[in-house]
Every structure is written in C-alpha cells, then in structure tokens.
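The next block holds one structure in the form of structure tokens; read it before the comments.
Just so you know, these numbers come straight off a predicted model, no measurement behind them. Residue numbering restarts at 1 for every chain, and letters A, B, ... go by the order of the sequence lines.
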Number of protein chains: 2
Amino acid sequence: MPDKPTTIKEIAKMLKISVSTVSRALNDHSSIGLTTKMRVKKLAAELNYEPNQRAIQFLHGKSFVIGVILPELSESFFSTAISGIEDIAYKRNYTVLLAQSHDDAEREKLLVAKMKSQGVDGLLVSVAKTTSTYEHFELFRKLNIPIVFFDRIPPIKDIHYVSSNLETGTFEAVNFLLKKGHRTIGMINGPGTLVASHERKEGYIRAMTANRLKFDPSLIVTCDLSEDDTIKAMDALLNHRRKPSTVVTFNDYVALFAMRYVKSIGLTDIDFVSYANLPIINYMDHTPIASVEQFPYKQGKKAADILIDLINKPKNESGSEQAYFNIVVESELVLSKRK
Amino acid sequence: MPDKPTTIKEIAKMLKISVSTVSRALNDHSSIGLTTKMRVKKLAAELNYEPNQRAIQFLHGKSFVIGVILPELSESFFSTAISGIEDIAYKRNYTVLLAQSHDDAEREKLLVAKMKSQGVDGLLVSVAKTTSTYEHFELFRKLNIPIVFFDRIPPIKDIHYVSSNLETGTFEAVNFLLKKGHRTIGMINGPGTLVASHERKEGYIRAMTANRLKFDPSLIVTCDLSEDDTIKAMDALLNHRRKPSTVVTFNDYVALFAMRYVKSIGLTDIDFVSYANLPIINYMDHTPIASVEQFPYKQGKKAADILIDLINKPKNESGSEQAYFNIVVESELVLSKRK
DNA sequence: TAATTTCGCGCAAACGTTTGCACATCTTTT
DNA sequence: AAAAGATGTGCAAACGTTTGCGCGAAATTA
C-alpha cells in the first residue's frame, strides 16, 4: 500500500471542519478554541500527518535550503567545516545542498548557476583556487540572495565573510619557540599573493619585536607549496649564515616535505611548527612539535549562522546602510599530543 | 531593486497569450506553432526567465532531492564516494542533501526522519558502526521511497545495495606476493563480525590453493583495528614458527601501525600490502608496496545511478516481483607509485 | 435589554506550473 | 459542398498550505 501521505484536507473532512481551522489548530493559532485544537492534533498524530514541505516552501517562496560550495571535501579543513555548517543548518531547520568545485573556476560558476536555479535561500562559498572573476557572485547580490564566504575569501568589496586570522596563532607559535630557547627561527611561507602568507609574516614580526629581538627578513622564505619548492626553501634556510634551529612551515604538507628532506640529509635537530593540525600528523613518523589550529568546525558554524541570520533578516530596510559581517576567528597554537 | 523573478504569467500577459501556451512553448510541446514558440522563447530569454523549481516540485509531488547519510566525511573513502554521488546527481538533475551520522546510531535515526520530512525522493545510506536496529529504514519502504545502501550494508533482507568485493583484490594481492617470491604471507585481518574480514580471508585462501600451496590458518590473525591491538597482532606474526616475510593488513591505518612497530624494533625486511590506498600513504615514511583499491568514486556513482533509476521506475507493476539491485564493485590491486 | 466586544470558525484567494479538454480556424478528403 | 482531420490556442482545475477578511454566536459592558 503506497498510501499517499495524509493532508490537511483529509483531516478537515474527517472532523467536518474547514482546512483553515485545521491549519491554524496545528500551528497553535490563538483564534482557535482549545477543544478543536486538541481534536485536530490528536487526529493528526494518529494519521501520522506531516506537513508537505514542498507546498509550504512554494507558498512562501522559500526553500529552506542553503547551498554550500567548497573546493574539496577530501581536504580535512573542509570536511570538518561542513560538519559545523550541517549542525547549525539542521538546528535551524535548514537543509544543506552540497557541491564541490574541485578547485575549478568553471565548475564553480556552473554550480553557482545550478544553486540559483534550485532556488537556494543563501550560499556559503569557499572559492576555488583558480577563480579570478566574480560576476557569478554578483548575480546573487542582484537577486538579494545572501552569500557568506568562508576561509577562501574573494578580493571583492562589500561581502560577508568568515575567516581565520593566522597572525595571532603565528604570534603564539613564534613566542612559544622563543620561550623554548630558540633564537634563530626560520619560516617557510606561502606565495606572497595570499593574505594568509601576510598574516603569518605579521605574526612572526610582532612576536620578534614583542620580545625586543630584531627581525631578519631573510629568515622568511617563500615557496609555492609543492614538494620541490619546499625542498629549495628548506635548503635556503639551512645554508643561511644563521642556520635556524627551528622552522615554521606554511602547512602540514610543507612541514612534511621539509621534515622528510631534512631527515634524508641526516639532520635531526630541527623543530618544526606547522598549521592546520591535520589528522595526517598522527600517522607521520616525525611530527611538528606544535600546530596553529584554525578551528574549521567553528568557522563553519559561524558562517552558517550568519547566513541564516541574513536570510531571515527583516526586509532590506531601505534607510539603513547594508552592514557586512566580517568575522575573524582567531587561530591558536596547539601543542602536539605525540612526542 | 530586488526584482522578483520573472514568471510565466508575465510572459503570457506581455505576449497577450495564455499561460498554458507559454508553458507548452517553453517545453517544446508539439501542438504549439513554430512562430509562437520562437516569440515566447525569445522573450523568456530576454527576461532571464527561470522556471520556479519549487512550484514544479510541488505540482509533481517530487523534490528531485536525494538524501545521503554517511558516517564521516573526513574518511577519505566517503569524501571520494560523495564526489561520485554528486556527479551523477547533478548530471541527472537531482540535488544532494547531505548529512553525517558520525557513526552514531541515534543521530542516524534522527537524520532519516529529517530526510523523510524534507521529502527526499530517495535515500543513499552507509550505515553507522553502532546501528543495530533497522526500523527507521523500513519506514521508507512503507512509503515506497527507495533506499540504496553502499559500502556499509545492514544485515537485512530485500534491500538494494552497492558494495565492494574485497575477495578479488585480496586474491590479486596474495598472488602478487607469491609471484614476488614470498612463501610465508601473514595477514592482519579485522573483526570476524565484518563481512569485509571474511572476504579478505577467502581471497587469501583462494590465492593459496590456486597456487597449490597449503593454507595455514594461524598466519591470519585478527585485530580490532586499534594501534595496541595491531601491535599485538604483529607480534604474534613475528613470533610465529614460520615468520612471515610479508604481511597483508586490513587497512592503511593498520598497515601504518604495524610498519611503525616493526621499524621501532629494528626490523626492515617485511613488505606490507594494504587496502584503501588512502592519500596518507603519500606522506608516510614507509609505505605499503601495494594496496587493494575499492573505487569509492565508482561505488558512489553506481549507487546514485541505481537510486535515481529506482525513483523514476514506472510505477510498482503489481504483477512483477520487486527486483533488488545487489551490485558488487570488484576491488583491484594497485602497486604503490612511490618506491 | 440593548450595544459592544470577544471568540471561534469558515470562505476564498494566492503561490507558479502543468495538462486534459474544448474550441476555433484552416486544410484536406470524399 | 459537406464532412473529416489537422493545427494552434485558451480555459480551468489541480497540487497543499497559509492568511486576510467576514460573519455568527457567545460573553461582556453600559
């Protein structure tokens, strides 16, 4: 028996009252008598009535769906972030439409269009590495559908975003190394084009000056995050006139490449500090002694919360200027559990 | 200008024709004159008309949404599988509603209920480790909403599922090791309760007998997949009267634990073969020489395809018996790229 | 008791789209 | 010349729910 789901009409007919009364009774409307309410609710429960979400969404012109576009779920940062997004969405009765851009700008565009035609109420985006144009996002702005960016923020004005500030975590990291007695601290940074690289550098500098040490720019080298380039960078540090006793690397992968290289040439006395705190470090033979944590779960939660707030915001009050959420989740140093 | 999206009505009014004509014109209905079709399509394009999906879904009583419930996105198997699911869903114009059970049976139940109230057209499920009752799935059967299970299949009858057969991959693996000259092959298997453990064992046995070698059951030890237990298992093998020269481990993590242990006690001459082929092995200092690949992307695709077929299957022909899809994706041995 | 308020409920419209049916016009066949 | 078919279009119902408005009856006030 593929019995069609119960509708409000049927309940109305059985109780010989109107559909509107049933609807109001179920929604605890004040203008319905207590007795009718009870009767309706009882019958509804017996019949396993569940409101037809599609009818409601259609009526309200809302989908209660938020679209999420991110580069790669296999990257631990994102798979953790999505958990935060999910949790908030479910708590607030929204539903998550997920899609991966696989770091392909074209696909990202396609997905944005798809999300639009699907009629999402809002969008959560972490942009693809290759994305360089941003009109597909502007389209949403025209339609008044909110977008909140997270982690990978596009360089455009007047957007909502949530991201982490690596400056603080880096400050803590360098501070920690100084307290541990290190005096020559190298850094393998990422490409200068990334905000994240800047923040790391700033944190480094602030920690040095806070400790009344002079900052040597040549101790910070950049790399493109590939293994080859990491090795070059590490080489540069090892051949520095002041050979560093410890190195802060851009992320866990860079750390890994660098550590492997260092070990391959027989060195063992260099401490590493890294970012992200990926699960892989639990399986590595040599691990960083500390990591700067970016709290992806928290970032995901925060971004979803803002987006849903935005969606439900009392209409565009034409008087007040639009305010943009720029939330920064501070990063934090975490000591490695393994030794 | 938050201009409300264009509707078919507006187009009709502007062209002074009826809405039904517009609708049919846009859908290339045969009974509409060529000229009207052109006029309609042209105007629709100019106005950036996009059909209101919610209205259509409501009308058809379909959501074009498939729910996906899986244990953990941070497990690479699942994050890869979801890519396959996504790709098929998008290709076939469906949309993916994602949720993680985090291997919690209670949460899984909740999610199933949520999916139902959201009105998904079908469900893709990989069950949580702790799930032991299955009524929440039966509910969907009553409503005639198809479910396809993948990878983690519940032990109930009359279900659709897609899973991998580790027997073949294991056969290949053992065969490969024998060809390589190994004669004593150990195996660290998983808990006997898992089908997957059985399949591994069967593959092992078949390879031995196919090579006219006698099978020594004591060379297969089980473990609960924890590091401690893995070490115990490895110890047992090392102390075996016929010390194995190579070991097949249940998965990459077990391989990792075992390799680390073996190395820590100064051994270096044991080859490992593992399953899953996770990205982490690219970052390990010592890696298995080969891995049994389970093709999660392919599994995800296949499962999604079957589900959507099921959704669109011409009504439950009351005559013919319901057929259940039991698709098995054969596993395959993959040699390690790094040496 | 009459006037007014409160309470409880029903009517009907609305959301955007598809589709069975009927109707009108034009073309073809007998 | 009349009947039949083809072609193109419009009418209206339907999907399930919410909600503004109106109306009668009961309760309150003057």
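The CD atom of B:Q57 sits 16 Å away from the C1' atom of D:dT17 (whole-angstrom rounding). The CD1-P distance, from B:I17 to C:dC23, rounds to 21 Å in whole Å. Atom NE2 in B:H29 sits about 10 Å away from atom C1' in C:dT18, given to the nearest Å. Rounded to an integer number of Å, the gap from NZ of B:K13 to P of C:dT17 is 14 Å. Rounded to a whole Å, the CD1 atom of B:I8 is 13 Å from the P atom of D:dG10. Rounded to whole Å, atom P of C:dT18 lies 15 Å from atom CZ of B:R54. Going from atom CG of B:L15 over to atom C1' of D:dT9 covers 13 Å, rounded to whole Å. Taking atom CG on A:N52 and atom P on D:dA14, their separation rounds to 17 Å, with Å as the unit.
Distances shown here put a side-chain N or O of B:T36 below 4.0 Å from the OP1 or OP2 atom of D:dT9. Note on B:N27: a side-chain N or O is less than 4.0 Å away from OP1 or OP2 of C:dT18.
Heavy atoms of A:T7 sit under 4.0 angstrom from primed sugar atoms or phosphate atoms, though from no base atom. Among the atoms of the strands shown, base atoms are found under 4.0 Å from some heavy atom of A:L59. Contacts of A:R24 with the nucleic acid, taken as non-hydrogen atoms under 4.0 Å apart, include base atoms. Within the 4.0 angstrom heavy-atom criterion, only backbone atoms of the sugar-phosphate kind lie near B:G33; the bases stay farther away.
Of the candidates D:dT9, C:dG10, C:dG8, the closest approach to any side-chain atom of B:I32 belongs to D:dT9. Taking the side chain of A:K9 as heavy atoms from C-beta on, and the options C:dG10, D:dG10, D:dC15, the nearest nucleotide is D:dC15. Taking every side-chain heavy atom of B:Y49 into account, C:dT17 is the closest of D:dC11, C:dT17, D:dT17. Closest approach to the A:S31 side chain among C:dC9, C:dT18, C:dG10 is made by C:dC9 (side chain taken as heavy atoms from C-beta onward).
The ring of B:F58 lies on top of the base of D:dC15, close enough and flat enough: under 5.5 Å between centres, under 30° between planes.
Taking both residues in full, the closest heavy atoms of B:A128 and B:S101 are given as CB-OG, 3.7 Å, listed atom of the first, atom of the second, then distance.
Annotation: of the two residues near DNA chain D, B:S18 and A:S23, the 5′-most nearest-nucleotide partner is B:S18. Comparing B:T35 and A:I56 along DNA chain D, the residue whose closest nucleotide (by nearest heavy atom) sits nearer the 5' end is B:T35.
By the 30° and 60° cut-offs, the orientation of the rings of B:H160 relative to B:Y324 is tilted. Ring geometry, A:F150 versus A:F78: the interplanar angle exceeds 60°, so the pair is classed perpendicular (tilted spans 30 to 60°).
A salt bridge links B:E138 with B:R141: at least one charged nitrogen is closer than 4.0 Å to a carboxylate oxygen.
With rounding to the nearest 0.5 angstrom, the CG atom of A:D305 is 10.0 Å from the CD1 atom of A:I327.
In this structure a side-chain-to-backbone donor-acceptor pair under 3.5 Å is present from B:R107 to B:Q100.
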